[in-house]
Amino acid sequence: MTSKEGLPPTIFTETSAYSLAFVAVVGAVAWISSKTLLPKTARRQDKIAFDAMIHFTFEGSFLYLSTFGRQVVISSGPFAELWKEYARADARWGVSDPTVVSLEILTVLGVGPLCCLVLYQLAKDDPARHYWIVVLSTAELYGGFMTFGPEWLTGSAALNTSNFLYLWVYLFFMNILWVFIPLWLMYDSYGYIAKSLRFYQASARVKKK
């Protein structure tokens, strides 16, 4: 497919640049906010804050644009253009795919508030946060698999992997974040919980003696 001038269509557009810049801005705001508002000893707060902000901005806007008869492809506005850009790589996000929308309902209304709960517990230095971090991470990993698992099993018809931007930036990088971060947080919290339980078990045995 070529343009009117006979040149190949432009892949990286102004919308591409704005979309990636907005992701960077959200990440920067999350990092600065976490460093400013939360204890300096909270090592994981910037990653979880970023997670919460993504759920309430990017994915919240998608849910609004994809429910009650709305669709991204026929909507207008900054967030609609952002999702239209992503839909160039994964067409399901442009047409209110029921599986994707169902997962985003759980993500925005469930995982997003849960991120805020963990942030609150981080601010209070409450060790109970480790349980919720494991729950949160499990939900993220499940959501990621269910987003792409059915698509892979049916031939990936909605995925456009024809160029570097769509395959490696939009489909791979933008989604691998929600695999790497949950696994890292889960591993860290597992270590904390296991260490605490082992200490409790050892203490209980000493008392029995």
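Index from 1, following the sequence. Predicted model, so just to flag it, every value in this text is computed and none were measured. Any value given below was found using the heavy atoms of this structure, including those in side chains, with hydrogens, waters and symmetry copies removed.
A distance-only check finds a donor-acceptor pair linking the side chain of Lys84 to the backbone of Ser75 [under 3.5 Å]. At distances below 3.5 Å, not a single donor-acceptor pair connects side-chain atoms of Asp188 with backbone N or O atoms of Trp184.
Considering only residues two or more places apart in sequence or on other chains, Asp125 meets the salt bridge (Lys or Arg N to Asp or Glu O under 4.0 Å) condition with Arg129. With sequence neighbours excluded, no residue forms a side-chain hydrogen bond (donor to acceptor under 3.5 Å, both in side chains) with Asn163. Partners of Phe148 under the ring pair (Phe, Tyr, Trp, His ring centres under 6.0 Å) rule, at least two apart in sequence or in another chain, are Trp152. For Ala24, there are no side chain to side chain contact (heavy atoms under 4.5 Å, CB included) partners two or more places apart in sequence or in a different chain. By the side-chain hydrogen bond (donor to acceptor under 3.5 Å, both in side chains) test, Ser203 is found to be paired with no residue, residues two or more places apart in sequence or in another chain being considered. Residues satisfying the side chain to side chain contact (heavy atoms under 4.5 Å, CB included) test with Phe164, not counting sequence neighbours, are Trp168, Val169. Among residues two or more places apart in sequence or in another chain, the side chain to side chain contact (heavy atoms under 4.5 Å, CB included) test is passed with Phe22 by Val26, Phe58, Phe79, Leu82. Every residue two or more places apart in sequence or in another chain was checked for a ring pair (Phe, Tyr, Trp, His ring centres under 6.0 Å) with Phe145, and none qualifies. Under the side chain to side chain contact (heavy atoms under 4.5 Å, CB included) criterion, Ile176 pairs with Phe172, Val179, not counting sequence neighbours. Under the rule for a side-chain hydrogen bond (donor to acceptor under 3.5 Å, both in side chains), Glu151 has no partner lying at least two apart in sequence or in another chain.
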Next item on the list: Decide yes or no on side chain to side chain contact (heavy atoms under 4.5 Å, CB included) for Met174 and Leu20, but give the supporting numbers first.
Entry: CA-CA 10 Å; Met174 293 297 183; Leu20 294 174; 3.3 Å; yes

Note to self: For Val135 and Trp132: C-alpha separation, side-chain torsions, deciding distance, then whether side chain to side chain contact (heavy atoms under 4.5 Å, CB included) applies.
What the structure shows: CA-CA 5 Å; Val135 173; Trp132 292 112; 4.3 Å; yes

Next item on the list: Could you check Leu141 against Met186 for side chain to side chain contact (heavy atoms under 4.5 Å, CB included), going step by step and ending with a plain yes or no?
Entry: CA-CA 10 Å; Leu141 292 170; Met186 187 182 289; 4.0 Å; yes

Next item on the list: For Tyr170 and Leu165, run side chain to side chain contact (heavy atoms under 4.5 Å, CB included): C-alpha distance rounded to whole Å, both residues' side-chain angles, the deciding distance at 0.1 Å, then the answer.
Entry: CA-CA 6 Å; Tyr170 292 170; Leu165 179 65; 3.8 Å; yes

Notebook entry, point to check: Thr13 and Ser16: side-chain hydrogen bond (donor to acceptor under 3.5 Å, both in side chains), yes or no, with the steps?
Noted result: CA-CA 5 Å; Thr13 64; Ser16 306; 3.2 Å; yes

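Counting heavy-atom neighbours within 6.0 Å of Phe12 CZ, excluding the residue itself, gives a total above 12.
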Hey, can you pull the donor-acceptor pairs under 3.5 Å for the side chains in residues 100-120, sequence neighbours left out?
from: Ser102; atom 1: OG; to: Pro98; atom 2: O; distance (Å): 2.7
from: Thr107; atom 1: OG1; to: Leu103; atom 2: O; distance (Å): 2.8

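Judged as a ring-ring contact (aromatic ring centres under 6.0 Å, His included), the pairs with a partner in residues 92-114 (not counting sequence neighbours) are, in order, Phe62-Trp93, Trp83-Trp93, Tyr86-Trp93.
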